[in-house]
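The model shown is predicted, which means the values in this text are computed figures rather than measured ones. First the proteins, then the strands, lettered A, B, ... as listed; each starts at 1. Note that these values count all heavy atoms, side chains included, but never hydrogens, waters or copies made by symmetry.
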Amino acid sequence: MTQIEIKFPDGNTQQVEKGSTPLEIAKSISNSLAKRAIAAKFDGRIISLKEPLNKSGALQILTFKDDEGRDVFWHSSAHLMAQAIKRVFPEAQLGIGPSIADGFYYDIDLEHRITPEDFERLEAKMAEIVEENHPTVRKVFSPQEALDFFKKNNELLKVDLIEGLLDSGEEITVYEQGEFSDLCRGPHVPSTGYLGKNFKLLSTAGAYWHGDEKNKMLQRIYAVNYPDKKMLKQHLKRLEEAKKRDHRRLGRELDLFSIQDEIGSGLILWHPKGALMRHIIESYWKDQHLKNGYDLVSTPHIAKHHLWETSGHSSFYQDNMFKPMTVDEVDYQLKPMNCPFHMEIYNTKIRSYRDLPMRYAELGTVYRYERSGVLHGLMRVRGFTQDDAHIYCHPDQLTDEIVGVLDLNTKILGKFGFTEYDVYLSTRPEKYVGSEESWDHATEALRTALEQKNIAYTVDPGEGVFYGPKIDIKIKDVLGRSWQCSTIQVDFNLPERFDLSFVDADGQKHRPITIHRALLGSLERFFGILIEHYAGSFPLWLAPVQAVLLPIADRHFEYAGRIRKALELAGIRVTSDLRNEKVGFKIREAETAKIPYMLIIGDKEMEEESLSLRRKGEGDLGTVKLEALLEKIQAELE
RNA sequence: GCUCACGUAGCUCAGUAGGUAGAGCACAUCCUUGGUAAGGAUGAGGUCACCGGUUCAAUCCCGGUCGUGAGCUCCA
C-alpha cells in the first residue's frame, strides 16, 4: 500500500494511505474536527471532504470558522434551498445561487411571486431534504451532454450559463443530491445532512439575469444558514440591531435631519441638532487640516459649463451631472466635483518648486444626479459635501505626501471611533491616461507609503480610475459592517487638461503631481455612518446636547438657571427641562433623547450648592459639586 | 432607471365587503410641585400622497403621477 505525506497547517505531518479522503484524515485527528468539517483545502485548492488524496501535500480541514469553509457551507445551502424550491414549484427555472458575505441567495425565474408566506413552506421542505441526507455526487459532463441534460429539464438559464462556459474550455460539472441536479463548480458538503436546520429565508428582491438591466428580472431569495442555532440567533439579532440603528429612524427620533418630498429626493435638511453636530465635525476637520499644512479654499456651487469641458467631466461624467442652466446665453453647470476650481486657483500664478507641496482643502458641496432607485437616507443623496483636498507636489514628494494623508486620516477617523480598516490599492486599468512610467511611479509611491505605515492592504488589479491609481479605505463600524469613506487618488488627467506647471530648480516648467483625497468622503454619508455606529448615543464631544438640567419643582428653577449659566460659560452644551412634569418623566425623555449627562436639582442640592448627577445608560451617580462636574466633563472631552 | 411592495393625524399603526375615519404616543389647556425611565382630566389635529376614471356615492375599485422601502445596476 502506497503512503503519502500530509502536512497540516500547524506544521505537523502524517503518513496516510494513498487515496485517503480529508474526512477520513479529519476523523483520525479528532471526532469533533470531523464533525465540524465542511470541506478541505489541499495545496491551496478547495476540495470536497470526499475527494481521495493521491499525492503528498498540505491539507487544511475547513470548518465554518474559515472563510472558505463558510463559503462552501452557504453555497451548499443555496443548493438545498433550490432543491426545496423545485419541490414546491417544479416549474421554477434556476439561475445562480452563490454564497455572499452574509449568507447566500438563489435567483429563480418563476411566474408565482414568492412571498414571506411561502418561506415557511420552503423551509419545511429544506428540513425534509436535510433529514433525507442525500449524498452530493459530482459528475463531469461533456458540453453536449450538459446542454442536452438541462434542455431536457427545461433549465434554460442553465443552458445559457453552459453556453457561456463553452469558450472558456472549463470542465463542466454537475452536482446531484437526490432528485436534484445543478450546474456547479463545487465543491460541496458530502451530503445534505451536513447542512443542519438552522437556516432562515430572509427576503426576496428582483435581480437582473447576469446583472444586466437589459435582461429579464428574476426573483432573488436571500437566506442564511448556520451550523448551530446560537449563531443563527445572533445573526437575526444583528439584523434587528441594524434596524434599530437605522440612521433614517434615529435621524427623525433625535431630530437631526429630514428629507422631504417638497424639497426633493436626495436633498438633506439639517435640523438644529444635526447642524450643530455638523458644525462640530467641520470645526474639528478644519482645525486638523490647518494644523497639518493645508490651506482652506472655498469655491462656488456653479460654474460655466465650459469649465467642465476643460476638465472632461461633461463627457465622461455627464450621466451623473444635473442639466446645465442658461444664464445670459451662457450655460452654467451645477458642480459635481470641486477639483476644477482648485486647479484654477493653482493656475492663477506661476508656481515655483519652492511653493510645493501645496494643499488645498475644502468642504465643498457638490450635486450629482443619482438614479431615483439608488437614493438612501444620508448614505446616497443628490447634494452632499465632500471633505475634499487636492495636493500639488513634486514627483519626489509623492510618497511623503501620501504618508501625510494616511497619518491625518488615521487620526481623524480614530477621533470618530473608527480604528479598523480594510485598505485597497487599485492599479492601472485597461483604459488609462498618462504614461506607463508615471503610473508605475505613482503606484509605487502609494505602495511604499502603505508599507511605511505598516498598513495591510489588498491589491485590486486594474481597478484604478482611468486618471490614476488610488488607495481606498473602508472603515468597519461597531456591527462589523464596512463603509467606503476615504480615498486617495493620484490624478494624471486634470493637471494635463488644465496645463498645471511649476518652475523647477532647472528653470524649466514641469507638471506637478496631483493627489485628490477625501477622508470622510461625504459629510452626509459620514454623519449617517456615525449615527449607526454610535446608535445615536454620541460621545460627549459630538453630542449636540451634552447635559440637561432637570429641576424637580418650580422653586429650583432659579438655582438651575445659575448652574446652567456656569456650564454655558465653561463651553458645555446644556439645556434645561422646565416643564411641569415629574422628574421621572423628564429623566425618561432625556434618556430617550440620548443626552449624556442629566443634572437633577432639588431641595437637597440647592441647600448644599451641588447637583445630582445621572449618566445616560448608567443611572444615578450621586451628588457632586459644580467644580467636580466641570473637571469630570473636561477630562472626558480630552 | 428596472422589479416587487407600500403611501390613513407630527410618529407607530387600526379601519371601511364603496356611504367623507379611529387608537396609543406626541401637541395644547387646566389640575397636580412631584426625587432617578411614562401623574390626571379635557381638547385640538386628517382633501385617507396627488391627478384622472368607474359609480347616485371613492380613502377603499381601475389608470396615471409623485414619494418611500427591499433589492438589481451604479456609487461618496
Value in whole Å for how far the [atom2] atom of [N] lies from [atom1] of [X]:
X	N	atom1	atom2	result
A:L267	B:G67	CG	P	11 Å
A:I601	B:G34	CD1	P	16 Å
A:I595	B:U36	CD1	C1'	15 Å
A:I108	B:C4	CD1	C1'	13 Å

Check your understanding: Closest to the A:D603 side chain: B:G35, B:G71, B:U33?
Key -> B:G35

Exercise for review: Would you indicate which nucleotide in B:U3, B:A37, B:C72 comes nearest to any side-chain atom of A:M217?
Suggested key: B:U3

Point to revise | Separation between the P atoms of B:C11 and B:A26, rounded to whole Å | key: 15 Å

Practice item. Take the angle between the ring planes of A:Y367 and A:F322 and call it parallel below 30°, perpendicular above 60°, tilted in between. Key: perpendicular

Look for any protein N or O under 3.5 Å of an N or O in nucleotides 73-76 of chain B and output each such pair with its distance, or none.
{"residue": "B:C74", "atom": "O2", "partner": "A:R380", "partner atom": "NH1", "Å": "3.1"}
{"residue": "B:C74", "atom": "O2", "partner": "A:R380", "partner atom": "NH2", "Å": "2.4"}
{"residue": "B:C74", "atom": "N3", "partner": "A:R380", "partner atom": "NH1", "Å": "3.0"}
{"residue": "B:C75", "atom": "O2", "partner": "A:R380", "partner atom": "NH1", "Å": "3.3"}
{"residue": "B:A76", "atom": "O3'", "partner": "A:Q484", "partner atom": "O", "Å": "3.3"}
{"residue": "B:A76", "atom": "O2'", "partner": "A:R525", "partner atom": "NE", "Å": "3.0"}
{"residue": "B:A76", "atom": "N6", "partner": "A:E370", "partner atom": "OE2", "Å": "2.8"}
{"residue": "B:A76", "atom": "N6", "partner": "A:V381", "partner atom": "O", "Å": "2.8"}
{"residue": "B:A76", "atom": "N1", "partner": "A:V381", "partner atom": "N", "Å": "3.1"}
{"residue": "B:A76", "atom": "N1", "partner": "A:V381", "partner atom": "O", "Å": "3.3"}

Check your understanding: Under the criterion ring pair (Phe, Tyr, Trp, His ring centres under 6.0 Å), which of A:W483, A:F384, A:W270 is the partner of A:F527?
Key -> A:W270

Check your understanding: Less than 4.0 Å between a side-chain N and a carboxylate O, is that true for A:K632 and A:E636?
Key -> no

Practice item. For RNA chain B, find the residues of residues 604-623 of chain A with a heavy-atom distance under 4.0 Å and give them by number; none if there aren't any. Key: A:K604, A:E605, A:S612, A:R614, A:D620

Point to revise | Sorted by number, the residues of residues 234-258 of chain A with heavy-atom contact under 4.0 Å to RNA chain B | key: A:R248, A:R252

Practice item. Scan A:H376 against the nucleic acid and name what it touches under 4.0 Å (heavy atoms): base, sugar-phosphate only, or nothing. Key: sugar-phosphate

Revision key, fill the gap. Rounded to the nearest 0.5 Å, the CD atom of A:E420 sits from the CG atom of A:L413 at a distance of 13.0 Å

